[in-house]
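Read the numbers this way: they start at 1 and go in the same order the structure lists the ligands and their atoms.
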Amino acid sequence: MKSDKVLKGQVYFCPVCGAEVSVIRAGNGNLAPVCCNTEMILKAVLNPVYYCSVCRSEVMVICGNEDNLEPKCCNRIMKRYIT
Ligand SMILES: [Zn+2]
Ligand SMILES: [Zn+2]
């Protein structure tokens, strides 16, 4: 599965060793990560990213669910990026 546009939170995995990478900052290039001499596969999920509206810090949910997640920074609840 190929994607033209790189999105923050995209996840690629290696079908050989199971390694995973996630996009922290999306640029305009053609991202095509390789592991074990194999092109990594784009997963059908986006890791959710929350940001602080005061200091612009960002956190990414790597695994697990967000049901009870309430990340705070600078005494405020962080906002969820809508991608
Ligand atoms: Zn690998
Ligand atoms: Zn902050």
Side-chain angles (χ1 to χ4, degrees):
M1 184 177 170
K2 282 227 172 192
S3 173
D4 298 323
K5 197 167 186 293
V6 180
L7 298 175
K8 185 194 292 280
Q10 270 179 342
V11 181
Y12 295 82
F13 75 96
C14 172
V16 178
C17 74
E20 286 193 355
V21 296
S22 185
V23 175
I24 304 290
R25 183 182 298 276
N28 296 320
N30 299 309
L31 181 63
V34 169
C35 187
C36 301
N37 276 324
T38 306
E39 194 168 325
M40 298 181 85
I41 297 169
L42 181 62
K43 289 176 88 170
V45 298
L46 286 177
N47 280 340
V49 176
Y50 293 78
Y51 67 95
C52 172
S53 55
V54 177
C55 73
R56 310 307 291 182
S57 288
E58 296 181 355
V59 295
M60 176 179 284
V61 180
I62 305 290
C63 67
N65 65 60
E66 310 170 73
D67 293 350
N68 298 308
L69 186 66
E70 199 175 63
K72 286 184 183 167
C73 188
C74 300
N75 288 320
R76 290 174 199 223
I77 294 173
M78 299 177 83
K79 293 178 179 166
R80 194 182 191 282
Y81 266 109
I82 309 297
T83 43

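In this structure the side chain of I24 never reaches within 4.5 angstrom of the side chain of K8, judged on heavy atoms.
Between the CD1 atom of I41 and the SG atom of C35 there is a distance of 11.5 Å, given to the nearest 0.5 Å. The structure places OG of S22 at 3.5 Å from CE of M60, a figure rounded to the nearest 0.5 Å.
Between SG of C52 and SG of C55, the angle at the Zn ion (ligand 2) works out to 110°, rounded to 10 degrees. Considering the Zn ion (ligand 2) as centre, the angle to SG of C73 and to SG of C74 is 120° (10° rounding). Here the angle centred on the Zn ion (ligand 1), running from SG of C14 over to SG of C36, is 110°, rounded to 10°.
One hydrophobic cluster holds both V61 and V59 under the rule that ILVMFWY side chains link at heavy-atom gaps under 4.5 Å.
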